[in-house]
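Note sheet for the following structure.
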Amino acid sequence: MKLLCTLIVLSFAIGAYTDEHNHIYEDNEEIVLWMNTVGPYHNRQETYAYFSLPFCVGSKDTIGHYHETLSDALQGVELEFSGIELEFKINMSRGDYCAVQLDEEKYKAFVYAVKNHYWYQMYIDGLPIWGVVGEMKDNSYYIWTHKKFEIGYNGKQIIDVNLTSEEKVELKPTAQLKFTYEVIWKKSNVKFEDRFDKYLDHNFFQHRIHWFSIFNSFMMVIFLVGLVSMILMRTLRKDYARYSKDEDIDDMERDLGDEYGWKQVHGDVFRPASHSILFSALIGAGHQLTFVVFSVIVFAILGELYTERGSLLTLSIFVYAITSPINGYFGGSLHARMGGKAWIRQLFVSAFILPAFVCGTALFINFIAIYYHASRAIPFGTMVAVTCICLFLILPLTLFGTVLGRNLAGQPDYPCRINAVPRPIPEKKWFMEPGVIILLGGVLPFASIFIEMYFIFTSFWAYKIYYVYGFMLLVFIILIIVTVCVTIVCTYFLLNAEDYRWQWTSFLAAASTSIYVYVYAIYYFFFKTKMYGLFQTTFYFGYMALFSGALGIMCGTVGYIGTSIFVRKIYSTVKID
């Protein structure tokens, strides 16, 4: 199964080449040392090209192959050849590979890097290597000039790479820096599939609070499911018993009866939601996003995608693109059932609402990255590639799903007739207003996931590799159950207050989870990180807005689905004509 997942990722990686991904080397075969990025340690996303600092390049100027993918470009991975000669299983004794004559400008660049704790990243056979540019001591600035590589191998595969920085040289405005390296190959008994274990922080993710969060969320699920069951089995049962007596009451008595609560709005409860194009587009996008998240988590569990650089993002883009018919089907069918006629407009809104949100935010951050000359700036060619994916893959597939949905599931089949004139909504207590219900609706779903949010944030914004996708899947399922239960309870209270505006209320009550996630992200930034600067701040809050927005669309859709089933169930059982 792991092999299947890896093949899927490699086969559909857009723009990817497979020459460096077989990980098989013959004796004396060329090994490429890629220089990636350099940047301040506390600002993980503020990265610059390695050679933006006045480092020098080795004497070797050609390589046999080059590798870069779409996900590399989107993540700011700029692989530049180091010029350092490496060969499989060939030890290299200590030797120079280049030299730099410092002038005032180069001296200031290195001093700035040392003062701000710059470090750099490299890759050998897909394995990341990190090193520190230099250090400050006694008001003097030093730079490490010697790289010692210890590379472990098992058969024809590279298993482990360790870098030791040596020879601390003081920076002076007119000094000449000679950069040296050496390579030592060591045989290893570690299996190739286990070579990433050294990068995983098992103590961090196996903390007891992780298990406590699961237990806490599970108990919340039991409580909410019991609450919903009580509403269905006790409260509604009394209503059903009272309404079933209608068969023995003549029309005059029925008209003068003491009906109240959710029964009173039976003629308006299935009235189309306001702004039906936007609503159906959000529901369609939410269906697709939920399926994508579930699929990617399952593939990550089975395939250990963290072992291949950019594979998770590549898989996410691919799965999102090919599942566009899901978006079209559910969005188009809902719009048709609501009596919508502008299906072409709905199609475009549905297809591009999420890509436009993502691309708009990324474009804004991109301007900041370009201003800072950061490697996170997305190249123009990558923007064109993403645009082509949206126009020539996502849009046609969404069109196919929309046509299918309108024809197969586009006919309204509501259990109650819709009144020609909307019923006035009576005044109610402040805590029964839709706005209050919406704000309160996201509290419990957020409470079920906020501990897992800490681990996810830390893995993305700090230097941890997230690999416990089994936990993530369990939390994802718990989130869905809690969201459905909470929105059902909120909707029941709203309908009992004789307010039939349940569609948007159920969606937004569940989607408000994203508000609390974003508030937690603000707390995390100021109290759990040491990030600073305009670029890192913009990057953090921009992509946290994307994460929270996508989570809100997904939760809102799940809440609406559960609530719509609940509403249809209670009104179909009463059999109102």
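Residues: numbered from 1 along the sequence shown.
- Inter-residue side-chain proximity for Leu282 and Thr557 is flagged as unmet; no heavy-atom pair is nearer than 4.5 Å.
- Side-chain contact of Thr398 with Asn327: a donor-acceptor pair under 3.5 Å is absent, judged by distance alone.
- Here the side chain of Asn407 pairs a donor or acceptor atom with the backbone of Val403 at under 3.5 angstrom.
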Using the rule given for salt bridge (charged side-chain N to carboxylate O under 4.0 Å, His left out), can you reason through Lys108 versus Asp103, listing the C-alpha separation, both sets of side-chain angles and the distance that settles it, and then say yes or no?
CA-CA 9 Å; Lys108 289 182 178 179; Asp103 54 24; over 6 Å; no

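- Looking at heavy atoms from C-beta onward, Tyr320 lies in side-chain contact with Leu354 at the 4.5 angstrom threshold.
- The backbone N or O of Ile378 sits nowhere less than 3.5 Å from a side-chain atom of Thr382 that would complete a donor-acceptor pair.
- Residues meeting the ring-ring contact (aromatic ring centres under 6.0 Å, His included) test with Phe476, sequence neighbours left out: none.
- Listed for the His373 side chain is no donor-acceptor partner under 3.5 Å among the backbone atoms of Ala369.
- Residues Ile143 and Glu135 fail the side-chain proximity criterion, which asks for heavy atoms closer than 4.5 Å.
- With a 6.0 Å radius and a threshold of 12 heavy atoms from other residues, nucleotides or ligands, Lys198 has its NZ atom above the threshold.
- Between the side chain of Arg337 and the backbone N or O of Ala409, at least one donor-acceptor pair lies under 3.5 Å.
- Here the CD1 atom belonging to Ile84 is positioned 10.5 Å from the CZ atom belonging to Phe179, to the nearest 0.5 angstrom.
- Of the possible polar contacts, none joining the Ser333 side chain to the Gly405 backbone as a donor-acceptor pair under 3.5 Å is found.
- Here the straight-line distance linking atom OH of Tyr467 with atom CG of Leu305 works out to 16.0 Å at 0.5 Å rounding.
- Every residue meeting the disulfide (SG to SG under 2.5 Å) condition with Cys56, not counting sequence neighbours, appears here in chain and number order: Cys98.
- Applying the ring-ring contact (aromatic ring centres under 6.0 Å, His included) test to Tyr50 and every residue at least two apart in sequence or in another chain returns Phe55, Tyr120.
- Between the side chain of Ser548 and the main chain of Ala545, no donor-acceptor pair closer than 3.5 Å is present.
- Applying the ring-ring contact (aromatic ring centres under 6.0 Å, His included) criterion to Phe348, with sequence neighbours excluded, gives no partner residue.
- A donor-acceptor pair is defined here as one N or O able to donate and one able to accept, closer than 3.5 Å; such a pair exists between the side chain of Ser514 and the backbone of Ala511.
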Applying ring-ring contact (aromatic ring centres under 6.0 Å, His included) to Tyr466 and Phe460, what does each step give before you reach the verdict?
CA-CA 8 Å; Tyr466 192 92; Phe460 189 80; over 10 Å; no

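- Tyr372 OH: more than 12 foreign heavy atoms inside a 6.0 Å radius.
- Thr37 and Ser375 share no donor-acceptor pair across their side chains, judged by distance under 3.5 Å alone.
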Going through the distances and angles, do Trp34 and Glu80 end up as a side-chain contact (heavy atoms from CB on, under 4.5 Å)?
CA-CA 6 Å; Trp34 297 109; Glu80 300 179 270; 5.9 Å; no

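- Here the side chains of Pro434 and Arg501 are in contact, with some heavy-atom distance below 4.5 Å.
- Ile478 and Ser217 get closest at one heavy-atom pair: CG2-CB, 3.6 Å.
- Under the ring-ring contact (aromatic ring centres under 6.0 Å, His included) criterion, Tyr518 pairs with no residue at all, not counting sequence neighbours.
- For the side-chain contact (heavy atoms from CB on, under 4.5 Å) test, residues two or more places apart in sequence or in another chain that qualify with Leu508 are Ile438, Trp504.
- Relative orientation of the Phe507 and Phe279 rings is perpendicular, given thresholds of 30° and 60° on the angle between their planes.
- Other residues, nucleotides and ligands place no more than 12 heavy atoms under 6.0 Å from the CZ atom of Phe291.
- At a cut-off of 3.5 Å, with distance as the only test, a side-chain donor of Thr458 or Tyr524 sits close to an acceptor on the other residue.
- No side-chain heavy atom of Thr361 sits less than 4.5 Å from a side-chain heavy atom of Tyr543.
- With sequence neighbours excluded, no residue forms a side-chain contact (heavy atoms from CB on, under 4.5 Å) with Tyr371.
- Rounding to the nearest 0.5 Å places CG of Leu444 at 9.0 Å from OG1 of Thr513.
- Of the possible donor and acceptor atoms, one in the side chain of Ser82 sits under 3.5 Å from a partner among the backbone N and O of Leu33.
- Not one N or O on the side chain of Tyr540 forms a donor-acceptor pair closer than 3.5 Å with the backbone of Phe535.
- The number of heavy atoms from other shown groups lying within 6.0 Å of CZ (Phe400) does not exceed 12.
- At a threshold of 4.5 Å between non-hydrogen side-chain atoms, the residues Val133 and Trp119 do not count as touching.
- Residue pairs meeting the salt bridge (charged side-chain N to carboxylate O under 4.0 Å, His left out) criterion with at least one partner in residues 464-474, sequence neighbours excluded, are Asp201-Lys464.
- Under the 30°/60° scheme for interplanar angles, the aromatic rings of Tyr463 and Tyr41 are found to lie parallel.
- The minimum heavy-atom distance linking Ile370 with Ala377 is given by the pair CG1-CB, 3.8 Å.
- For Phe110 and Tyr141, the ring centers are positioned 6.0 Å apart or more.
- Other residues, nucleotides and ligands contribute at most 12 non-hydrogen atoms within 6.0 Å of the CZ atom of Phe367.
- Using a 4.5 Å cut-off on side-chain heavy atoms (C-beta onward), Val296 and Tyr469 make no contact.
- With sequence neighbours excluded, no residue forms a side-chain hydrogen bond (donor to acceptor under 3.5 Å, both in side chains) with Gln503.
- The distance from atom CD of Gln288 to atom CD1 of Ile283, rounded to the nearest 0.5 Å, is 13.5 Å.
- To the nearest 0.5 angstrom, Leu278 atom CG is 11.0 Å from His335 atom NE2.
- Applying the disulfide (SG to SG under 2.5 Å) criterion to Cys359, with sequence neighbours excluded, gives no partner residue.
- Relative orientation of the Tyr199 and Trp130 rings is perpendicular, given thresholds of 30° and 60° on the angle between their planes.
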Determine, stepwise, if the pair Tyr560 / Thr487 fulfils side-chain contact (heavy atoms from CB on, under 4.5 Å).
CA-CA 8 Å; Tyr560 170 76; Thr487 50; over 6 Å; no

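- Contact of the Phe318 side chain with the Leu393 side chain is not registered, since no non-hydrogen atoms from C-beta on lie closer than 4.5 Å.
- Counting only residues at least two apart or in different chains, salt bridge (charged side-chain N to carboxylate O under 4.0 Å, His left out) contacts with residues 275-301 are absent.
- Looking at residues two or more places apart in sequence or on another chain, you find no salt bridge (Lys or Arg N to Asp or Glu O under 4.0 Å) involving Glu433.
- Judged by distance alone, the side chain of Thr323 and the main-chain N or O of Val319 form a donor-acceptor pair under 3.5 Å.
- The distance from the CH2 atom of Trp502 to the CZ atom of Arg271 is 13.5 Å, given to the nearest 0.5 Å.
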